[in-house]
Amino acid sequence: MAGNEATPLTSPEISIKECLLSPNDFDEAKISGISDSSTDPSTDKDETSSNKKKKIKDEKRCRVCGDMALGYNFDAVTCESCKAFFRRNARGSKSTRCLFQGNCVIDVRTRRFCPHCRLQKCFNVGMKKDMILDETERKARMAKVLENRQKRQVKAKGREEVTSSEQEVGTDWSELITNTPVSNFSENSPTPTSASSEHMPCKIDLSNLPEDREMYRKLTESESVFIKELTLLYESTLASFTDSYHSDQNNYSTINQLVNNSEIAVRRLIKFVKRINDFMRLSQDDQIAALKACVLSTILLRSVAFYSSEKDVWITAKGEVPTKILKKATGYISLHDSHTRYCRTLKDVVQDNHEMMTLMQLIIIFNPEGPNLASRTLISDIQDHYITLLKHYLEAEYSFSNAKEMLPFLLQKLSELKELSEEHSKVLLQVNPTEIEPLMLEVLNLK
DNA sequence: CTAGCCTTGAGA
DNA sequence: TCTCAAGGCTAG
């Protein structure tokens with residue numbers, strides 16, 4: 001069931017612009033997998049729903065405390081408060097204890113007195129704890145909500161733009177693409193100042209962080225919410241496994257296949273940026289330019305997320321892909337070496353921290369140095385914002401002193417990303433455009 | 001923590 | 001479009 005979704009989503013006619021503009025996500029829902037089983041708790045739970053409706057008419061009382069009930073909660077008619085109580089406590093592992101005989105009367109008045117008996121009664125009346133969404137299901141649900149929320153925003157915004165009609169006829173996207181040769185990707189990124197520090201090790205002992213809470217920043221509520229939302233978004237798009245990836249090594253045997261296999265990453269990148277308000281604030285041309293400029297870096301950064309240092313492989317949904325395929329596919333040994341070295345060093349520090357990856361991803365998206373950008377200052381300001389956020393995050397998670405080491409290290413790695421993607425773009429020049437998916441052609445300026 | 005209210009996605 | 005049943009938020 002899960003594996004055969006690859007074909008429909010590569011419908012060849014879809015351009016980046018269309019992807020960006022479309023209120024829906026083409027087949028992205030399928031790609032991310034968040035919409036299917038995980039968010040669908042109803043499947044095995046509503047067989048009895050017809051009886052329930054009848055029952056509920058006469059049972060408007062909470063089965064647990066007798067308070068007014070609105071309907072079924074976790075498979076029993078209960079009031080809001082028992083619902084919330086059950087949600088909070090049923091999954092919890094910490095055992096409560098009754099201070100009396102374990103048979104306390106639970107009613108509207110007394111329900112607060114003995115959590116133990118209340119919970120017991122919840123179970124007795126048939127509330128089911130497996131109907132409480134677990135961590136993954138909750139994340140998926142939140143991602144879905146977020147997705148829809150942003151979709152609505154984009155839609156609303158789109159309507160505004162159309163009514164103020166200034167950009168319907170003029171934007172010839174295909175023109176824009178053909179005008180920009182592949183070399184532009186790297187060309188005008190000013191030669192990074194320090195090729196020398198390529199190997200700046202970051203020796204932070206993350207297992208030994210300072211005890212004193214004073215040594216950590218406390219994130220503001222809005223910062224932590226924002227980071228949380230971004231990370232969820234990242235997890236549901238860029239960081240999720242691609243079940244259409246082929247770990248079969250044959251699929252990586254030519255560069256073309258390698259490029260095509262990155263298409264899904266690109267689609268996810270588009271899906272990701274579409275949900276970022278800061279990104280949607282940019283003009284359409286800048287959106288496209290920014291997107292194109294960060295594609296290779298994104299793919300490379302993403303490869304770090306899936307990299308396993310111990311095995312020297314990339315982990316995909318379908319298994320492990322040894323990094324040596326890169327050597328085979330491209331014939332560039334130094335490319336292979338620098339890429340894996342990059343993965344290893346960055347992975348050492350980032351490990352599986354999605355917040356860090358998310359913020360780094362955002363920093364590369366809002367890169368004011370990219371080609372063909374109009375509002376560089378704006379983009380730079382946005383980038384600053386994410387750099388600050390990353391700094392704050394590091395200070396909150398790893399203490400002020402560690403953050404002081406980590407931030408420059410991470411930024412350094414981001415600038416190395418530029419060099420690395422330049423190397424990769426050289427390889428892309430070998431690509432035979434006729435065999436490449438259209439979206440990839442566009443996004444990599446190979447058209 | 002509790003409990004009430006709100007927002008949502010899914011399904012009828 | 002409506003209803004149901006999840007989770008989230010937050011004043012108390």
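Every chain is numbered from 1 and lettered A, B, ... according to where its sequence line falls, protein lines coming before strand lines.
When the salt bridge (charged side-chain N to carboxylate O under 4.0 Å, His left out) test is applied to Glu80(A), the partners found at least two apart in sequence or on another chain are Lys83(A).
Residue Arg91(A) contributes atom CZ, which lies 13 Å from atom C1' of dA6(C) at whole-angstrom precision. Counting to the nearest Å, the C1' atom of dA5(C) and the CG atom of Asp130(A) are 15 Å from each other. Taking atom CZ on Phe113(A) and atom P on dT2(B), their separation rounds to 13 Å, with Å as the unit. In this structure, Asn73(A) atom CG and dC4(C) atom P are separated by 12 Å, rounded to whole Å. Atom-to-atom, CZ of Arg138(A) to P of dG9(B) comes out at 17 Å; the value is rounded to the nearest Å. Counting to the nearest Å, the P atom of dG9(B) and the CD atom of Glu137(A) are 16 Å from each other. Rounded to a whole Å, the CE atom of Met127(A) is 12 Å from the P atom of dA5(C). Separating the CZ atom of Arg87(A) from the P atom of dG7(C) is a distance of 6 Å, rounded to the nearest angstrom.
Closest approach to the Met131(A) side chain among dA6(C), dA5(C), dC6(B) is made by dA6(C) (side chain taken as heavy atoms from C-beta onward). The side chain of Arg118(A) has dT2(B) as its nearest neighbour among dT8(B), dC9(C), dT2(B).
With no hydrogens or angles considered, a side-chain donor-acceptor pair links Ser81(A) and Arg111(A) at under 3.5 Å. Checking Thr345(A) against Lys413(A) by side-chain atom types alone, a donor-acceptor pair falls below 3.5 Å.
Taking the six-membered ring where tryptophan is involved, the planes of Phe86(A) and Phe74(A) are tilted, since the angle between them lies from 30° to 60°. In this pair, Tyr386(A) and Phe366(A) present their aromatic rings parallel. The plane angle is below 30°, not in the 30 to 60° band.
Between the side chain of Lys83(A) and the base of dG4(B) there is no donor-acceptor pair of N/O atoms closer than 3.5 Å.
In terms of phosphate contacts, Arg111(A) brings a side-chain nitrogen or oxygen within less than 4.0 Å of OP1 or OP2 of dA3(B). Dashed line: the shortest gap from a side-chain N or O of Arg112(A) to OP1 or OP2 of dA3(B) is under 4.0 Å. Checking the phosphate oxygens (OP1, OP2) of dC1(B), no side-chain nitrogen or oxygen of Asn89(A) falls inside 4.0 Å. The phosphate of dT2(B) (OP1 or OP2) has a side-chain N or O of Arg88(A) nearer than 4.0 angstrom.
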